[in-house]
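Take a look at the structure set out below.
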Number of protein chains: 2
Amino acid sequence: MKERDNRLQQIRELIETSDVCSQNELVERLAQKGCVVTQATLSRDLRRLRINKVATENGYRYMYAGPELVTARDDSNDVAHHRAPIKSIEFSGNFVVIKTRNGYATGLAYDIDMSHSPLILGTIAGADTVFAIMREDADRDDVADFISDFK
Amino acid sequence: MKERDNRLQQIRELIETSDVCSQNELVERLAQKGCVVTQATLSRDLRRLRINKVATENGYRYMYAGPELVTARDDSNDVAHHRAPIKSIEFSGNFVVIKTRNGYATGLAYDIDMSHSPLILGTIAGADTVFAIMREDADRDDVADFISDFK
DNA sequence: CCATTTTGTGAATATTTTTGCACTACAAGC
DNA sequence: GCTTGTAGTGCAAAAATATTCACAAAATGG
């Protein structure tokens, strides 16, 4: 439905550009922008968008916060032992599928991203798997070597 | 105080090892472990620990989630107004790899999904990267233009 | 088309979370 | 020893949020 899509977009913008502290507040702001909606619907919208109320220094605030972000944080917790996180590297089409020890995928994906290698266009990580997309002209052996370096 | 430090530790463990959906539930679990506390105090403890209730696939769950996760790296800190979330758009095979500012990938992916464009079959998002699969007969320039519109 | 299912919504309500207030325990300074 | 100040807490109430129910609009499938 056009109506709701528009509303969700408005919500995203409001969340990004200002500190919203409660759903009622958001209801009012949306109304000012022409989106009339009840708090009940807003609750559902926010759930859809994975926008949650989170604690900050001084109060509460609505922002994106979801499982995938938390995984990233958990990683940084226990980097105690230096066991290699990479378990396997396999290819399929222009995809690289990297299996890691549980919890390390997000961290590895981040490291790969930060290397800005010309071989890799981007990554997405779960708890123990990284999907990386290779550049079309990249060589698999080169990529495998490159990724293996992240011990 | 010794008492509270111990309790906070118990809370962390419970949060990490099991799905806790409400503060009352947590009160009960803590009681089982010997920590007797009211829900009110728990609310304060969770705030202190930056543990929030976040939306997941099927329901809600308590977990670490906070500003530091989203603003962890580079820029998203001092965003004042309307900076475009999209950083780059690249192609490989039938994939589009879209890099965004940290935290915005999920929202963008959602917006792309909701547009129901005939050009895009589906998306998957991490924290700062969206993978979108193009229809086999879609033109790259068309797709690039289409995605660029999501400012 | 029509019947059926799915989806989006508001109103009211249930549930959950936060907070104001009062009280206690403990600490520091006199 | 007193006073004063500061945390930590429970209780109760307020505030905020999620969900149930009912219904309408839209999609789906004959």
Side-chain angles (χ1 to χ4, degrees), chain A residues 1-12 14-15 18-67 70, chain B residues 1-12 14-15 18-67 107 110-111 113-118 121-122:
Chain A
M1 191 184 253
K2 193 83 187 316
E3 188 60 27
R4 189 176 69 169
D5 290 346
N6 175 52
R7 188 179 65 238
L8 293 179
Q9 182 56 37
Q10 301 279 326
I11 291 172
R12 293 215 316 121
L14 279 173
I15 292 297
S18 56
D19 280 16
V20 182
C21 300
S22 80
Q23 296 185 4
N24 279 331
E25 187 184 330
L26 195 48
V27 166
E28 290 178 20
R29 299 256 205 151
L30 281 171
Q32 288 171 3
K33 290 191 140 212
C35 286
V36 178
V37 79
T38 60
Q39 172 270 323
T41 299
L42 199 50
S43 172
R44 295 184 271 244
D45 286 349
L46 291 174
R47 179 122 125 77
R48 267 192 121 80
L49 291 169
R50 291 280 164 77
I51 292 174
N52 297 293
K53 187 168 76 168
V54 303
T56 64
E57 287 295 325
N58 39 12
Y60 293 87
R61 186 187 188 298
Y62 272 84
M63 56 194 303
Y64 284 105
V70 170
Chain B
M1 193 180 250
K2 196 85 186 311
E3 185 63 22
R4 189 176 67 171
D5 287 347
N6 175 51
R7 188 178 66 236
L8 293 180
Q9 183 54 39
Q10 301 279 327
I11 292 172
R12 269 192 238 114
L14 279 172
I15 291 298
S18 57
D19 281 16
V20 183
C21 299
S22 80
Q23 296 184 3
N24 279 331
E25 188 183 330
L26 195 48
V27 167
E28 289 178 21
R29 300 257 205 154
L30 281 171
Q32 288 171 2
K33 291 192 138 213
C35 286
V36 178
V37 78
T38 60
Q39 172 271 322
T41 298
L42 198 50
S43 173
R44 294 165 182 131
D45 286 349
L46 292 173
R47 177 125 131 74
R48 182 179 292 259
L49 290 170
R50 291 283 162 75
I51 291 174
N52 296 293
K53 187 167 76 168
V54 303
T56 64
E57 285 295 323
N58 39 13
Y60 294 86
R61 184 186 189 300
Y62 272 85
M63 56 196 320
Y64 284 105
Y110 180 80
D111 288 342
D113 283 347
M114 285 307 101
S115 72
H116 295 114
S117 165
L121 291 185

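In what follows, chains are A, B, ... by sequence order, proteins preceding strands, each numbered from 1. Treat the numbers as computed from the prediction; the structure is a model and nothing was measured.
- Not one side-chain nitrogen or oxygen of A:Arg4 sits closer than 4.0 Å to the OP1 or OP2 atom of C:dT7.
- Between B:Arg7 and D:dG8, a side-chain N or O to OP1/OP2 separation shorter than 4.0 Å is absent.
- Taking atom CZ of residue A:Arg47 and atom C1' of nucleotide C:dT9, one finds them 16 Å apart after rounding to whole Å.
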Next on the checklist: Run the side-chain contact (heavy atoms from CB on, under 4.5 Å) test on A:Arg47 and A:Arg44 for me, step by step, so that the C-alpha distance in whole Å, both residues' side-chain angles and the decisive distance to 0.1 Å come before the verdict.
Outcome noted: CA-CA 5 Å; A:Arg47 179 122 125 77; A:Arg44 295 184 271 244; 5.6 Å; no
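- In this structure, B:Glu25 atom CD and C:dT15 atom P are separated by 15 Å, rounded to whole Å.
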Checklist outcome for this item: In B/S/- notation (B base, S sugar-phosphate only, - none; protein heavy atoms under 4.0 Å), nucleotides 12-18 of chain D written 5' to 3' is B---SBB
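- Not counting sequence neighbours, the partners of A:Gln39 by the side-chain contact (heavy atoms from CB on, under 4.5 Å) test are A:Gln23, A:Asn24, A:Val27, A:Ser43.
- Taking every heavy atom of both residues into account, B:Ser18 and B:Arg29 meet most closely at OG-NH1, 3.4 Å.
- Considering every non-hydrogen atom in both B:Cys35 and B:Asn6, the closest pair reads SG-ND2, 4.1 Å.
- Here B:Thr41 reaches the OP1 or OP2 of D:dG10: one of its side-chain N or O atoms lies under 4.0 Å away.
- What separates CG of A:Leu42 from C1' of C:dA11 is a distance of 16 Å, to the nearest Å.
- Residue A:Leu26 forms a side-chain contact (heavy atoms from CB on, under 4.5 Å) with just one option from A:Val37, A:Leu14, A:Asp45, A:Ile51, and that option is A:Leu14.
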Next on the checklist: Evaluate B:Gln10 against B:Arg7 for side-chain hydrogen bond (donor to acceptor under 3.5 Å, both in side chains), listing each step before the verdict.
Outcome noted: CA-CA 5 Å; B:Gln10 301 279 327; B:Arg7 188 178 66 236; over 6 Å; no
